[in-house]
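Everything below concerns the one structure shown next.
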Amino acid sequence: MRPVIACLIAILLANPALADGAAALDRFYAETHTLSGRFTQTVSDANGTASERSEGEFAISRPGRFSWDYRQPYEQHIVADGAHLWIYEPDLDQVTVRPMDADTADAPGLLLAGATFPRELFEVVAQGNGWLRLTPLKKDSGLSEVRLKLVGVGIEELQLDDGLGQTTRIQLLDQQRNGALSAKRFQFTPPPGVDVIGALPQARLPLAE
């Protein structure tokens, strides 16, 4: 579940006074270039009982780059470098890598970090009081619904419902919009000795002797 959630941090929108949810998304694409801050995350079951709490830091650099770093209760680092998505789990000595796929609706953050909002993949409805509802048009997206609470020039909260009845609540804190971010924050090289799942980019493969 975490990689999907991490991808969604890039759904960071603009003016909540706009009645049209798609217009708010368009304004985000036009006006937000970078975003960074902290997050807290809670996962609850269908009965509303919290089963997992975590926190960390995030950064976005549009188009196509973000980092999502869990610090507590254990480490996990997720980096999109514009071409590939890297998921590093230090406790397991494991890295998963895959190409970024702009046609995959189960990773909407990858889509929303792009150049334009993919209207062909989501239905967007304004619900009032600053909330937007995003419904994936593909039935196999892994998510049944995403709700965003817009405040000021960004979002305060995301709520993600999956097909198993779980709800993930993410609160974004201490947001810095359009500030300078180091390019190194969106680069990843697997540490020596870790297991790599997936095909490494060609440039990272060792040279033949």
*Return the minimal non-hydrogen interatomic distance between Glu31 and Asn178, and the atom names on each side.*
O-ND2, 3.0 Å
_Inter-residue atom distance Ile60.CD1 - Arg185.CZ, 0.5 Å rounding_ = 10.5 Å
*Does the Asp45 side chain pair with the main chain of Asn47, one donor and one acceptor, at a distance under 3.5 Å?*
yes
_Close side-chain approach of Thr168 to Thr42, heavy-atom, < 4.5 Å_ = no
*Decide yes or no on side chain to side chain contact (heavy atoms under 4.5 Å, CB included) for Arg38 and Gln175, but give the supporting numbers first.*
CA-CA 7 Å; Arg38 300 186 299 112; Gln175 298 183 39; over 6 Å; no
*Is any side-chain heavy atom of Pro90 less than 4.5 Å from a side-chain heavy atom of Tyr74?*
no
*Examine distances only and state if a side-chain atom of Ser36 and a backbone atom of Phe58 form a donor-acceptor pair shorter than 3.5 Å.*
no
_Spacing of Glu123 atom CD and Leu134 atom CG [to the nearest 0.5 Å]_ = 9.5 Å
*Among all residues two or more places apart in sequence or in another chain, which pass the side chain to side chain contact (heavy atoms under 4.5 Å, CB included) test with Gln94?*
Glu89, Leu92, Thr96, Ile197
*Just do the side chain to side chain contact (heavy atoms under 4.5 Å, CB included) check on Glu145 and Gln159 with the steps written out, would you?*
CA-CA 8 Å; Glu145 186 174 285; Gln159 296 179 0; over 6 Å; no
*Side chains of Val196 and Val97: closer than 4.5 Å at any heavy-atom pair?*
yes
*In Å, rounded to the nearest 0.5 Å, how long is the span from NZ of Lys149 to CG of Leu158?*
12.5 Å
*Take Tyr70 and Gln41 through the test side chain to side chain contact (heavy atoms under 4.5 Å, CB included) and record every step on the way to the result.*
CA-CA 10 Å; Tyr70 290 90; Gln41 177 180 306; 2.9 Å; yes
_Derivation of the side chain to side chain contact (heavy atoms under 4.5 Å, CB included) call for Thr40 and Ile170_ = CA-CA 6 Å; Thr40 62; Ile170 300 172; over 6 Å; no
*Same cluster or not: are Val124 and Val146 linked, directly or through other Ile, Leu, Val, Met, Phe, Trp or Tyr residues, by side-chain heavy atoms under 4.5 angstrom apart?*
yes
*asked:* To the closest 0.5 Å, what do you measure between CD (Gln171) and CD (Glu55)?
replied: 11.5 Å
_Would you call the rings of Phe39 and Trp68 parallel, tilted or perpendicular, taking 30° and 60° as the class edges?_
parallel
*Examine distances only and state if a side-chain atom of Thr34 and a backbone atom of Gly179 form a donor-acceptor pair shorter than 3.5 Å.*
yes
*For His77 and Asp69, what are the C-alpha separation, side-chain angles and deciding distance, and is it a side chain to side chain donor-acceptor pair (under 3.5 Å)?*
CA-CA 5 Å; His77 306 285; Asp69 296 322; 3.1 Å; yes
_Minimum heavy-atom distance between Ser44 and Ala50, given as atom pair plus value_ = OG-CA, 3.8 Å
_Side chains of Val79 and Gln187, heavy atoms from C-beta outward: is any pair under 4.5 Å?_
no
*Do Asp161 and Ser144 pass the side chain to side chain donor-acceptor pair (under 3.5 Å) test, and can you show the C-alpha distance, the side-chain angles, and the key distance before you say yes or no?*
CA-CA 6 Å; Asp161 296 341; Ser144 60; 4.7 Å; no
*Side-chain contact, heavy-atom cut-off 4.5 Å: Trp86 with Pro190?*
yes
_Asp93 side-chain N/O to Val194 backbone N/O, donor-acceptor pair under 3.5 Å_ = no
*Are Arg147 and Glu157 close enough for a salt bridge, meaning some N to O gap below 4.0 Å?*
no
*What distance separates His33 NE2 from Arg62 CZ, expressed to the nearest 0.5 Å?*
7.5 Å
*Quick one: hydrophobic cluster around Leu181, which other residues, with the 4.5 Å side-chain cut-off, linked directly or via members?*
Phe186
*In Å and rounded to the nearest 0.5 Å, what is the CD to CG distance from Glu156 to Leu148?*
12.0 Å
